[in-house]
2 protein chains.
Amino acid sequence: MIRMIRYDQKYGTKKILKTMVTKSDITKRQEQLLEELNKYEDELSGQELHRQLIESGKLMGLSTVYRNLQILIKQGLIRSRHLPTGEVLYTPVDRDFHHLTCVQCGETSKMEGCPIKDIHTPKENTRKFQLLFHQLEYFGLCQNCYQAQN
Amino acid sequence: MIRMIRYDQKYGTKKILKTMVTKSDITKRQEQLLEELNKYEDELSGQELHRQLIESGKLMGLSTVYRNLQILIKQGLIRSRHLPTGEVLYTPVDRDFHHLTCVQCGETSKMEGCPIKDIHTPKENTRKFQLLFHQLEYFGLCQNCYQAQN
DNA sequence: CATCAAAATGAAAATGAAAATCATTTCTGT
DNA sequence: ACAGAAATGATTTTCATTTTCATTTTGATG
């Protein structure tokens, strides 16, 4: 569609202004955030991301970082997960890995690939749900902690 | 094994004191927490749990609630998950359900059963990892939010 | 039963990431 | 250039969770 759209990100509403050239739904800030996240192999927390952006010369306030991370999640471009400590880490959605997390020491190790890639959400649910991404996490004891406990 | 063990929960170390009758690894407080969590079909946050315990006449300080929730997780008896808001919810591990969470409004709906029940952790990983539980979460847009956006 | 040390508790204070506020700046279309 | 809308960011606020530490409880031993 070739339309001029005003997109109210706060409320998620759209208003068609004119039929013209399509504009990307992504703003400059959001592009910078994505770009920065893509630079690192690991996930970044909001705070880390903010720090890195500044070091890269992309000046941006902390509130802007958090605000736009939320928008990117809602657009299905990034995903987040919580460490046992409560920290939230962000990654581009297209990265295909999940985690093993030790409930004792909190250490997280990456698992390449996704064991449920081919499994679909139960149909009854998908009918009513526009799937953006999923998250799988295994919790247990890492070797160190398991040994320390016995 | 029939032993008298002193278990330092803080550091996870054990000391054999005497060979006698085995004691359950679970304390009275921990039993109360589990009991209370089992009373509700839904998951509870730390705060909610604390409130409910008091209403049930099981007086307990907030710090004790949090402390023992952590211990129960480490013992593999309960599991926790984070809502997009950051709240942490706790459930007994044996409950077999996962979630669909809307990234727009944050609403969470339960999915009975687990799509990955029969899939195992990749062998390379399990070798070094004592699996306690896993968590699977789908994120996307619920019907309401999906419609509101279009 | 008395004693002693280790562990557990809870009231209160501290923490810190994320959210909210709001004055200011930037955009967009006319 | 102008006007209204949206976005920004410095700052403040929030609030669940953690930490601290003095007190209580527990459990083994003589």
Side-chain angles (χ1 to χ4, degrees), chain A residues 3-33 43-51 53-54 58-73 80-90 106, chain B residues 3-33 43-51 53-54 58-73 80-90 106:
Chain A
R3 280 175 175 166
M4 197 106 243
I5 288 170
R6 170 155 296 156
Y7 175 53
D8 181 338
Q9 292 187 323
K10 193 169 172 195
Y11 300 105
T13 55
K14 282 177 185 166
K15 197 172 148 193
I16 297 166
L17 298 175
K18 211 186 206 176
T19 303
M20 272 183 62
V21 188
T22 333
K23 292 205 62 178
S24 164
D25 268 350
I26 220 176
T27 67
K28 190 179 124 202
R29 297 305 202 181
Q30 288 158 24
E31 228 166 315
Q32 291 182 318
L33 285 168
E43 307 140 292
L44 295 178
S45 69
Q47 305 282 342
E48 286 167 342
L49 185 51
H50 179 237
R51 215 175 306 130
L53 281 164
I54 287 173
K58 295 166 185 151
L59 268 287
M60 198 181 303
L62 195 53
S63 6
T64 304
V65 171
Y66 281 114
R67 253 192 304 251
N68 284 293
L69 281 173
Q70 282 174 315
I71 293 170
L72 287 170
I73 288 179
S80 68
R81 76 180 176 107
H82 294 255
L83 292 182
T85 60
E87 272 183 282
V88 185
L89 303 180
Y90 301 87
Chain B
R3 280 174 174 166
M4 195 107 245
I5 288 168
R6 170 154 297 155
Y7 176 52
D8 180 338
Q9 292 185 324
K10 193 168 171 196
Y11 299 105
T13 55
K14 283 176 184 164
K15 197 172 146 194
I16 297 165
L17 298 175
K18 210 186 208 176
T19 303
M20 274 183 60
V21 187
T22 333
K23 293 204 62 177
S24 162
D25 268 350
I26 220 175
T27 68
K28 189 179 123 202
R29 297 305 201 179
Q30 287 158 24
E31 230 166 313
Q32 292 182 318
L33 285 169
E43 308 141 290
L44 295 177
S45 70
Q47 304 282 343
E48 286 167 342
L49 185 52
H50 180 237
R51 216 176 304 129
L53 280 165
I54 287 173
K58 294 166 186 151
L59 268 286
M60 198 182 303
L62 196 53
S63 6
T64 305
V65 170
Y66 281 112
R67 254 191 301 248
N68 284 293
L69 281 172
Q70 282 174 315
I71 293 169
L72 287 170
I73 288 180
S80 67
R81 76 180 175 108
H82 295 254
L83 292 182
T85 61
E87 273 184 283
V88 185
L89 303 179
Y90 301 88

*Please list, chain by chain and in numerical order, all residues satisfying side chain to side chain contact (heavy atoms under 4.5 Å, CB included) with A/T64, sequence neighbours excluded.*
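Counting only residues at least two positions away or on another chain, A/T64 forms a side chain to side chain contact (heavy atoms under 4.5 Å, CB included) with A/R29, A/M60, A/R67, A/N68.
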*Listed by chain and number, what are the side chain to side chain contact (heavy atoms under 4.5 Å, CB included) partners of B/E31, not counting sequence neighbours?*
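With neighbours one apart ignored, the set is B/I26.
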*Report the distance from atom CG of B/L33 to atom OG1 of B/T27, rounding to the nearest 0.5 Å.*
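That separation rounds to 8.0 Å.
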Mind calculating the distance between [atom1] ([X]) and [atom2] ([N]) to the nearest angstrom?
X: B/K28; N: D/dG27; atom1: NZ; atom2: P; answer: 11 Å
X: B/I54; N: C/dA11; atom1: CD1; atom2: C1'; answer: 12 Å
X: A/H50; N: C/dA18; atom1: NE2; atom2: P; answer: 13 Å
X: B/L72; N: C/dA8; atom1: CG; atom2: P; answer: 13 Å
X: B/E31; N: C/dT9; atom1: CD; atom2: C1'; answer: 18 Å
X: A/L69; N: D/dA7; atom1: CG; atom2: P; answer: 16 Å
X: B/L33; N: C/dA8; atom1: CG; atom2: P; answer: 14 Å
X: A/L83; N: C/dA17; atom1: CG; atom2: P; answer: 12 Å

*asked:* Looking at B/N68, I'd like to know whether one of its side-chain N or O atoms comes within less than 4.0 Å of OP1 or OP2 on C/dT9.
replied: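 It does, given that an N or O in the side chain of B/N68 lies less than 4.0 Å from OP1 or OP2 of C/dT9.
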*Does D/dT25 have OP1 or OP2 sitting under 4.0 Å from an N or O in the side chain of B/R29?*
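No, outside the criterion.
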*Residue list, side chain to side chain donor-acceptor pair (under 3.5 Å) with B/Y66, at least two apart or on another chain*: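 B/Y66 satisfies side chain to side chain donor-acceptor pair (under 3.5 Å) with B/Q47 only.
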*Can you list the residues that meet the side chain to side chain donor-acceptor pair (under 3.5 Å) rule with B/H50, with sequence neighbours excluded?*
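By the side chain to side chain donor-acceptor pair (under 3.5 Å) rule, B/H50 matches no residue at all.
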What pairs of donor and acceptor atoms, side-chain ones from residues 80-87 of chain B against any protein atom, are under 3.5 angstrom apart with sequence neighbours left out?
unit_1: B/R81; atom_1: NE; unit_2: B/E43; atom_2: OE2; d: 2.6
unit_1: B/R81; atom_1: NE; unit_2: B/H99; atom_2: ND1; d: 3.4
unit_1: B/R81; atom_1: NH1; unit_2: B/E137; atom_2: OE2; d: 2.6
unit_1: B/R81; atom_1: NH2; unit_2: B/E43; atom_2: OE1; d: 3.3
unit_1: B/R81; atom_1: NH2; unit_2: B/H99; atom_2: NE2; d: 3.3
unit_1: B/H82; atom_1: ND1; unit_2: A/H82; atom_2: ND1; d: 3.4
unit_1: B/T85; atom_1: OG1; unit_2: B/E87; atom_2: N; d: 3.4

*Using a cut-off of 4.0 Å between protein heavy atoms and nucleotide atoms, how would you tag nucleotides 14-20 of chain D 5' to 3' with B, S and -?*
--SBBB-
Less than 4.5 Å apart, any side-chain heavy atom of [X] and any of [Y]?
X: B/Y90; Y: B/I73; result: yes
X: A/V65; Y: A/L53; result: yes
X: A/V88; Y: A/L69; result: no

*Rounded to 10 degrees, the angle between the two terminal axes of the helix from C/dC1-D/dG30 to C/dT30-D/dA1, each from five pairs*: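 For the helix from C/dC1-D/dG30 to C/dT30-D/dA1, the axes at either end differ by 30°.
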